[in-house]
Amino acid sequence: MEKFEYIKFYWAPSPNEEHPVVLFYEIDLENERYATRMTEIFQDRKAVPVTDPGFPFVTEAPVPTIDEINREEEFFAELISKEAFEKAYQCTSYEGAIRFDASQQCKFPY
């Protein structure tokens, strides 16, 4: 079994520009699915790694599975590779998709 799972999590945009539209998670499968690293992507494509110095996890609760996330209308998640996560985690401006392709079963209309 792998120690980590990597997820790209799309969040339907809101009028609030402070709200990220994509989240990248590195999830520790051996520690109740808490995220050890995370990056937030905003509508202007700014990428911000989330840090919490002194703590092993950057989430206050376990990260749901992609099946659990995809039950909600305003979210969509997909598994990604470690390499895709690392690329997003290291960048300051994200060039990838910030909206999920509706042809791939996205639940919000873009």
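Sequence positions, counted from 1, serve as the residue numbers for this chain.
For Lys46 against Asp44, the heavy-atom pair with the smallest separation is N-OD1, 3.0 Å. Of all heavy-atom pairs spanning Ala97 and Tyr10, the tightest one is O-CE2, 3.9 Å. In terms of heavy-atom proximity, Leu29 sits nearest to Glu2 at CD1-O, 3.5 Å. Scanning all heavy atoms of the two residues, the minimum distance from Phe4 to Asp28 falls at CD2-CA, 3.8 Å. Between Tyr25 and Leu23 the shortest heavy-atom distance is OH-CD1, 3.4 Å. Closest non-hydrogen pair, Glu18 versus Phe42, comes out as O-CE2, 3.2 Å.
Between Arg37 and Val58 the shortest side-chain heavy-atom distance does not fall below 4.5 Å. Side chains of Val21 and Arg99 form no contact here, defined as non-hydrogen atoms less than 4.5 Å apart. A 4.5 Å side-chain heavy-atom check between Thr65 and Arg33 finds at least one atom pair inside the cut-off. Under the 4.5 Å side-chain criterion, counting only non-hydrogen atoms from C-beta, Val48 is not in contact with Thr39. For the pair Ile41 and Pro20, the minimum side-chain heavy-atom distance is 4.5 Å or more. Two residues are said to be in side-chain contact when any heavy atoms from C-beta on lie closer than 4.5 Å; Ile80 and Tyr6 meet this criterion.
Connection of Trp11 to Met38 is established within a shared hydrophobic cluster, with ILVMFWY side chains joined at heavy-atom distances below 4.5 Å, either directly or through further cluster members. With hydrophobic clusters built from ILVMFWY side chains whose heavy atoms lie under 4.5 angstrom apart, Tyr89 shares a cluster with Ile98.
The CD atom of Glu30 sits 11.0 Å away from the OG1 atom of Thr36 when rounded to the nearest 0.5 Å. Atoms CD and CD, on Glu26 and Glu86 in that order, are 6.5 Å from each other to the nearest 0.5 Å. Between atom CG of residue Leu79 and atom NZ of residue Lys8 there is a gap of 13.0 Å, rounded to the nearest 0.5 Å.
Counting non-hydrogen atoms of neighbouring residues, nucleotides and ligands closer than 6.0 angstrom, the CD atom of Glu68 exceeds 12 such neighbours.
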Dump the intermediate steps for ring-ring contact (aromatic ring centres under 6.0 Å, His included) on Phe24 and Tyr94, then the final yes or no.
-> CA-CA 11 Å; Phe24 285 87; Tyr94 182 67; 5.4 Å; yes
